[in-house]
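These values consider heavy atoms only, across backbone and side chains, with no hydrogens, waters or symmetry-generated copies. No experiment lies behind these values; they were computed from the predicted model shown.
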Amino acid sequence: MAPAPWDSVPPEDTLFALVTGANSGIGFAICQRLIDEYLVTRSLSSHLVVIPTTRSVKKSQETIDALRQHAREFANTSDILRSRAGPNYDPRSITKRIHILSVQLDLCNLADVHRAAEQLVNGTVSSPADANDAYFTSLTDVRIPRLDAVIFNAGMGGWTGLDWPKVFHNIFTKGLVQATTWPTFKAATAGHVVNPLPDAKDEKVPEMGQVFCANVFGHYLLAHKLVPLLSRSESDSTIPPGRIIWESSIEPGWKNLSLSDFQAIKTNAAYESTKRLTDVLSLTATLPSARPFVNSYLQPATKSNAPAAPPRIYLVHPGIVQTTLFPLNAFMFFWYRVVLYIARWLGSPWHPITGYNGAVAPVWLALQEQEALDAVDAEHVKWGSSTDFWGECRVLKTEVEGWGWDGTVGTRKELKNEKGERHIGRKIVGRKSGAVDLTEEKRVEFEMLGVECWKEMERLRGEWEARLGRVLERQ
């Protein structure tokens, strides 16, 4: 095992972040923005380790190369870095502190999830650099000592295109801003399933909802297996616990999640169902009623290594961002982008549009000081990426049906009289048409739903880990 460049650096001057689905779209932009904001906000001796996951070795290498090129360009062009370092500024001294590693991960293959987690927890990772590249350090068989943030971005939509009658109906009945923020015109079909243990040759394995597995369950199992890297022992008390950052969507509401179709197999809105499940799980994770299930989930596999501080769970969404996740041909891709910009110019705070803008909230959660997050009760909020008319980015609280903005019951009068925020930062701006103020009854219903969801997720985890164990024993 080779020594790593960060081994001699104090732990508080290092950050280890893993981003799933990071070879394109929002995931790749999260890595870019993470590099940029870390470099301009941390000390000139701090080291950042970014671990993008992809589904193949080829994509991993392409992602590493592209992120290194981004870091190189940023170091060469950033006036902030140049002014901080002084007249003897050398961009290579900056990029030498950025380390990009990658692991392969297929979230719809639970054996692959286990392999990736095992590599990170007990194995080594490599990232060779060209011998003539003076900007980056070649890394061979280095250990990852901990993870400070895992950002669960990867997923699938299950959409097939546009439902044109609904496009026009949405726009004419709700207006352009509402129609493009909470659309119901994305065409999709039901019945998408997958075999999550394709290597189980000697055992009949039940199918699982494909979108559920990609968006929720694969990540859920991964996080549990990464608990040893995300937890902090008493000797690590100077370092805050790791953060599990679930990426949701602005779109889902009450009607999108049904306990009778928990894996979103029967619905033609599987994406929205899984994102609503993500909201419910994340926002109820600290509630006493859900604690027995959450404690079991965040318990390391080896109980003798019980952490003094388990990881924290946070929730985020990127706003409305145009990516290839929603399938459109080149012509429609261009005009859909134009429509999204018009929605922003009409006053929507929820149209970042580009992946880099959409990355502002997840990166903020990854980099913010723990004391600052605790001060705003960040675990009880769905944090959203937002922009104003000019594209200036900010992070805003997002209303969740049944939870409100932070789980507290408020009134419409209090919202209208909200003080201390600029126009676009006020909660009532950009609110969904027809939104109902949170009541205590709905808040209780949301909590009860959270308990049922945590209970079912833990049941599924136990069931599938038992199957996975039998498959691994036979290999």
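In this structure, CD1 on I94 lies 10.0 Å from CZ on R82, to the nearest 0.5 angstrom. The SG atom of C31 lies 9.5 Å from the CG atom of L48; values are rounded to the nearest 0.5 Å. One finds the CD1 atom of I320 at 6.0 Å from the OG atom of S249 (value rounded to the nearest 0.5 Å). Atoms CG and CD, on L105 and Q119 in that order, are 10.5 Å from each other to the nearest 0.5 Å.
No side-chain donor-acceptor contact under 3.5 Å links D148 to the backbone of A17. No side-chain donor-acceptor contact under 3.5 Å links Y89 to the backbone of R84. Side-chain N or O atoms of S386 include none that pairs as donor or acceptor with a backbone N or O of W350 at under 3.5 Å. Checked by atom type and distance alone, the side chain of W464 never pairs as donor or acceptor with a backbone atom of F217 at under 3.5 Å. Panel note: side chain S127, backbone L101; no donor-acceptor pair is recorded below 3.5 Å. Under the 3.5 Å distance criterion, the side-chain polar atoms of S248 are left unmatched by any main-chain donor or acceptor of T278. Between the side chain of T398 and the backbone N or O of W383 there is no donor-acceptor pair closer than 3.5 Å. Remark: the backbone N or O of P352 is paired with a side-chain donor or acceptor of N357 at under 3.5 angstrom. Formation of a donor-acceptor pair under 3.5 Å by the E401 side chain with backbone atoms of W254 is found in this model. Q370 contributes no side-chain N or O that, together with a main-chain N or O of I239, makes up a donor-acceptor pair within less than 3.5 Å.
Between D112 and R115 a salt bridge is recorded (basic side-chain N to carboxylate O distance below 4.0 Å). Using a 4.0 Å cut-off between a side-chain N of Lys or Arg and a carboxylate O of Asp or Glu, D106 and R55 qualify as a salt bridge. Salt bridge status for K225 with E118: absent, with no side-chain N to carboxylate O gap under 4.0 Å. Residues D388 and R344 are not paired through a salt bridge, judged by the lack of any N-O separation under 4.0 Å between the basic side chain and the carboxylate. Salt-bridge annotation for R72 and D133: present, with a side-chain N of the basic residue lying under 4.0 Å from a carboxylate O of the acidic one. For R42 and D13, the salt-bridge test fails: no basic side-chain N is under 4.0 Å from an acidic carboxylate O. Using a 4.0 Å cut-off between charged side-chain N and carboxylate O, E251 and R276 make no salt bridge.
In this structure, K186 satisfies the cation-pi test against W159, with its NZ or CZ atom closer than 6.0 Å to the six-membered ring centre and inside 45 degrees of the ring normal. Annotation: cation-pi pair K96/Y135 absent, no NZ/CZ under 6.0 Å from the ring centroid and within 45° of its normal.
Among all heavy-atom pairs drawn from L18 and T20, the shortest one is CD2-CG2, 3.8 Å. The two residues L325 and Y271 come nearest to each other via the heavy atoms CD2-CE1, 4.2 Å. Of all non-hydrogen atoms in R232 and P240, the two that sit nearest each other are NE-O, 3.0 Å. In terms of heavy-atom proximity, A269 sits nearest to N256 at CB-ND2, 4.4 Å.
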* Asked: So K432 and E399, salt bridge (charged side-chain N to carboxylate O under 4.0 Å, His left out) or not? Walk me through it.
  -> CA-CA 9 Å; K432 185 178 181 179; E399 187 176 20; over 6 Å; no
* Asked: Between V360 and R394, does a side chain to side chain contact (heavy atoms under 4.5 Å, CB included) hold up when you go through it step by step?
  -> CA-CA 7 Å; V360 64; R394 69 198 72 217; over 6 Å; no
* Test salt bridge (charged side-chain N to carboxylate O under 4.0 Å, His left out) on E379 and R312 and set out the steps. => CA-CA 8 Å; E379 290 168 282; R312 305 283 190 91; 3.3 Å; yes
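The closest side-chain donor-acceptor pair between N215 and T274 falls under 3.5 angstrom. A donor atom on one side chain and an acceptor atom on the other are found under 3.5 Å apart for T184 and N170. Of the N and O atoms on the side chains of Y220 and E458, at least one donor lies less than 3.5 Å from an acceptor on the other residue. Donor-acceptor pairing under 3.5 Å is lacking for the side chains of T53 and Q104. With no hydrogens or angles considered, no side-chain donor-acceptor pair links S93 and D90 at under 3.5 Å. Of the N and O atoms on the side chains of T286 and H380, at least one donor lies less than 3.5 Å from an acceptor on the other residue.
At least one side-chain heavy atom of M457 sits less than 4.5 Å from a side-chain heavy atom of V216. For the pair D36/V40, no side-chain contact is recorded, criterion being any heavy-atom separation below 4.5 Å from C-beta on. Residues F152 and I244 meet the side-chain proximity criterion, which asks for heavy atoms closer than 4.5 Å. In this structure, D65 and Q69 have side chains that are not in contact, with every pair of non-hydrogen atoms separated by 4.5 Å or more. Contact annotation: the side chain of K174 never approaches that of S433 to less than 4.5 Å [non-hydrogen atoms, C-beta and beyond]. Side-chain contact between S102 and T63 is absent, with no heavy-atom pair separated by less than 4.5 Å. Side chains of R97 and L39 form a contact here, defined as non-hydrogen atoms less than 4.5 Å apart. Contact of the V113 side chain with the L468 side chain is not registered, since no non-hydrogen atoms from C-beta on lie closer than 4.5 Å.
Using bins of under 30°, 30° to 60° and over 60° for the plane-to-plane angle, the ring pair W6/F16 lands in the perpendicular bin.
Counting non-hydrogen atoms of other residues, nucleotides and ligands closer than 6.0 Å to CG of N122 gives a total above 12. Residue L44 places its CG atom among more than 12 non-hydrogen atoms of other residues, nucleotides or ligands, all under 6.0 Å distant.
A centroid separation of 6.0 Å or more is found between the aromatic rings of F185 and W164.
Sequence neighbours left out, the pairs with a member in residues 31-73 that pass ring-ring contact (aromatic ring centres under 6.0 Å, His included) are H47-H99.
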